[in-house]
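Below is one structure; the comments refer to it alone.
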Amino acid sequence: MPNIDRIVLSFDRALRTVSAQARSSRPYPAAAITNEDKLSEQERKHSAGLMRVNHVGEICAQALYDAQSAFSHKEEVTRQLQHSCIEEEDHLAWTATRLKELNSHTSFMNPLWYAGAYTCGIIAAKCGDAASLGFVVETERQVEAHLAGHLNSLPAHDARSRAIVEQMRVDEVAHGAAAQELGASETPQPVRIAMKLMAKVMTSTAYYI
């Protein structure tokens with residue numbers, strides 16, 4: 001693909017991502033759940049905070065995968081990253097929809113999250129495909145653990161949020177496994193620690209704003 005076309009597509013994806021205009025290619029996981037118990041105001045706010053964190057995580061995933069696919073070296077790596085990016089856009093659309101259902105908002109810092117994650121994606125890709133795929137594996141490992149924690153923290157009767165988070169968790173595991181199969185290298189421990197620290201800052205901030 002010519003560079004100008006890639007730039008235009010990347011810019012279009014960035015605009016749709018940060019403006020909550022993501023499109024889902026798969027059915028909404030919570031669509032069939034219509035009989036959940038009413039959430040208290042405190043439960044609603046907690047669920048919204050967690051879903052806002054998840055939405056920010058998908059903002060970052062879009063940026064990471066877009067940057068990594070744009071600067072990858074092997075076509076098979078590019079294809080896998082782009083496939084994962086499409087499924088991550090489903091997650092982005094689902095979490096945005098759930099936030100609306102909870103009468104809440106996406107993070108006001110989305111452009112900043114996107115820019116930071118895109119920069120990380122470029123750095124990872126410039127280190128070579130093996131290192132870039134290793135970054136994907138470690139990212140998805142941390143995200144899967146994070147989503148499992150949300151399943152424990154969400155109100156027990158918030159079935160709609162739970163259905164979304166569980167499908168996201170399944171997809172994240174699959175993305176990590178696919179990257180591993182393509183020859184991911186082990187991410188150095190200092191990088192893994194730095195990733196956890198950055199994630200902690202992001203999640204603690206996005207829960208509120």
Side-chain angles (χ1 to χ4, degrees), residues 13-14 16-65 84-117 138-176 195-209:
R13 184 178 293 110
R16 287 191 290 109
T17 298
V18 301
S19 62
Q21 298 299 314
R23 298 186 292 264
S24 174
S25 61
R26 291 179 290 169
Y28 185 46
I33 302 172
T34 59
N35 60 342
E36 68 172 353
D37 295 333
K38 185 176 181 180
L39 300 173
S40 68
E41 182 63 14
Q42 182 178 2
E43 289 172 332
R44 183 193 66 79
K45 288 183 178 180
H46 181 55
S47 289
L50 294 180
M51 296 308 289
R52 185 161 39 254
V53 168
N54 291 330
H55 185 267
V56 166
E58 299 308 325
I59 291 281
C60 294
Q62 286 293 299
L64 285 169
Y65 280 127
S84 295
C85 192
I86 291 171
E87 292 193 339
E88 299 288 359
E89 186 170 2
D90 290 344
H91 301 173
L92 189 66
W94 297 343
T95 51
T97 297
R98 185 56 181 155
L99 279 168
K100 289 180 181 178
E101 292 175 352
L102 292 166
N103 297 317
S104 194
H105 59 85
T106 58
S107 174
F108 300 126
M109 298 174 65
N110 280 344
L112 179 62
W113 303 129
Y114 190 96
E138 181 59 28
T139 297
E140 299 295 17
R141 183 182 296 127
Q142 293 188 20
V143 170
E144 192 273 333
H146 151 87
L147 292 173
H150 278 199
L151 287 171
N152 289 328
S153 182
L154 281 165
H157 52 283
D158 186 358
R160 292 176 71 83
S161 295
R162 286 180 168 278
I164 295 166
V165 172
E166 177 56 31
Q167 184 58 56
M168 289 169 60
R169 190 191 66 80
V170 170
D171 291 343
E172 306 297 1
V173 171
H175 296 165
M195 291 169 67
K196 288 182 179 179
L197 291 175
M198 287 189 292
K200 186 173 181 61
V201 171
M202 182 271 286
T203 55
S204 60
T205 304
Y207 183 88
Y208 299 101
I209 57 174

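No experiment lies behind these values; they were computed from the predicted model shown.
If you take CG on N103 and NZ on K45, they are separated by 12.0 Å, rounding to the nearest 0.5 Å. We find the CG-OG distance between L64 and S84 to be 11.5 Å, quoted to the nearest 0.5 Å. Note that CG of L147 is 10.0 Å distant from CG of D171, once rounded to the nearest 0.5 Å. The CD atom of Q142 lies 12.0 Å from the CD atom of E172; values are rounded to the nearest 0.5 Å. Rounding to the nearest 0.5 angstrom, the gap separating the CG atom in L92 from the CE atom in M168 is 9.0 Å. Note that the CD atom of Q167 and the CZ atom of R169 stand 9.5 Å from one another [nearest 0.5 Å].
Closest of all the heavy-atom pairs between S25 and I86 is OG-CG2, 3.9 Å. Counting all heavy atoms, side chain and backbone alike, L99 lies closest to A48 at CD2-O, 3.4 Å.
Using a 4.0 Å cut-off between a side-chain N of Lys or Arg and a carboxylate O of Asp or Glu, E101 and R160 qualify as a salt bridge. For the pair R141 and E138, the salt-bridge criterion is met [side-chain N within less than 4.0 Å of a carboxylate O]. Ion pairing of R44 with E41 is present here, as a side-chain N (NZ or NE/NH1/NH2) and a carboxylate O approach within less than 4.0 Å.
Applying the side-chain hydrogen bond (donor to acceptor under 3.5 Å, both in side chains) test to S104 and every residue at least two apart in sequence or in another chain returns R52. Considering only residues two or more places apart in sequence or on other chains, S47 meets the side-chain hydrogen bond (donor to acceptor under 3.5 Å, both in side chains) condition with D158. When the ring pair (Phe, Tyr, Trp, His ring centres under 6.0 Å) test is applied to H91, the partners found at least two apart in sequence or on another chain are W94.
Using modelled atom types, no side-chain atom of T205 and backbone atom of M202 make a donor-acceptor pair closer than 3.5 Å. Counting only distance, with no hydrogens or angles, the side chain of D90 and the backbone of S24 share no donor-acceptor pair below 3.5 Å. E43 places a side-chain N or O within donor-acceptor distance of the main-chain N or O of S40, the cut-off being under 3.5 Å. Counting only distance, with no hydrogens or angles, the side chain of S107 and the backbone of A206 share no donor-acceptor pair below 3.5 Å. Under the 3.5 Å distance criterion, the side-chain polar atoms of R162 are matched with a main-chain donor or acceptor of L154. H46 places a side-chain N or O within donor-acceptor distance of the main-chain N or O of S153, the cut-off being under 3.5 Å.
No hydrogens or angles considered: nothing links the side chains of Q62 and E58 as a donor-acceptor pair under 3.5 Å. Between the side chains of N54 and T95, not a single donor N or O lies within less than 3.5 Å of an accepting N or O.
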Might you work through the side chain to side chain contact (heavy atoms under 4.5 Å, CB included) test for H157 and K38, ending with a clear yes or no?
CA-CA 8 Å; H157 52 283; K38 185 176 181 180; over 6 Å; no
Please determine whether side chain to side chain contact (heavy atoms under 4.5 Å, CB included) holds for the pair N110 and H55, giving the CA-CA distance in whole Å, both sets of side-chain angles, and the decisive distance to 0.1 Å.
CA-CA 9 Å; N110 280 344; H55 185 267; 3.7 Å; yes
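Side-chain contact between H175 and E88 is present, with at least one heavy-atom pair separated by less than 4.5 Å. The shortest side-chain heavy-atom distance between L102 and L39 falls under the 4.5 Å cut-off. The side-chain heavy atoms of V173 and E140, taken from C-beta on, include no pair separated by under 4.5 Å.
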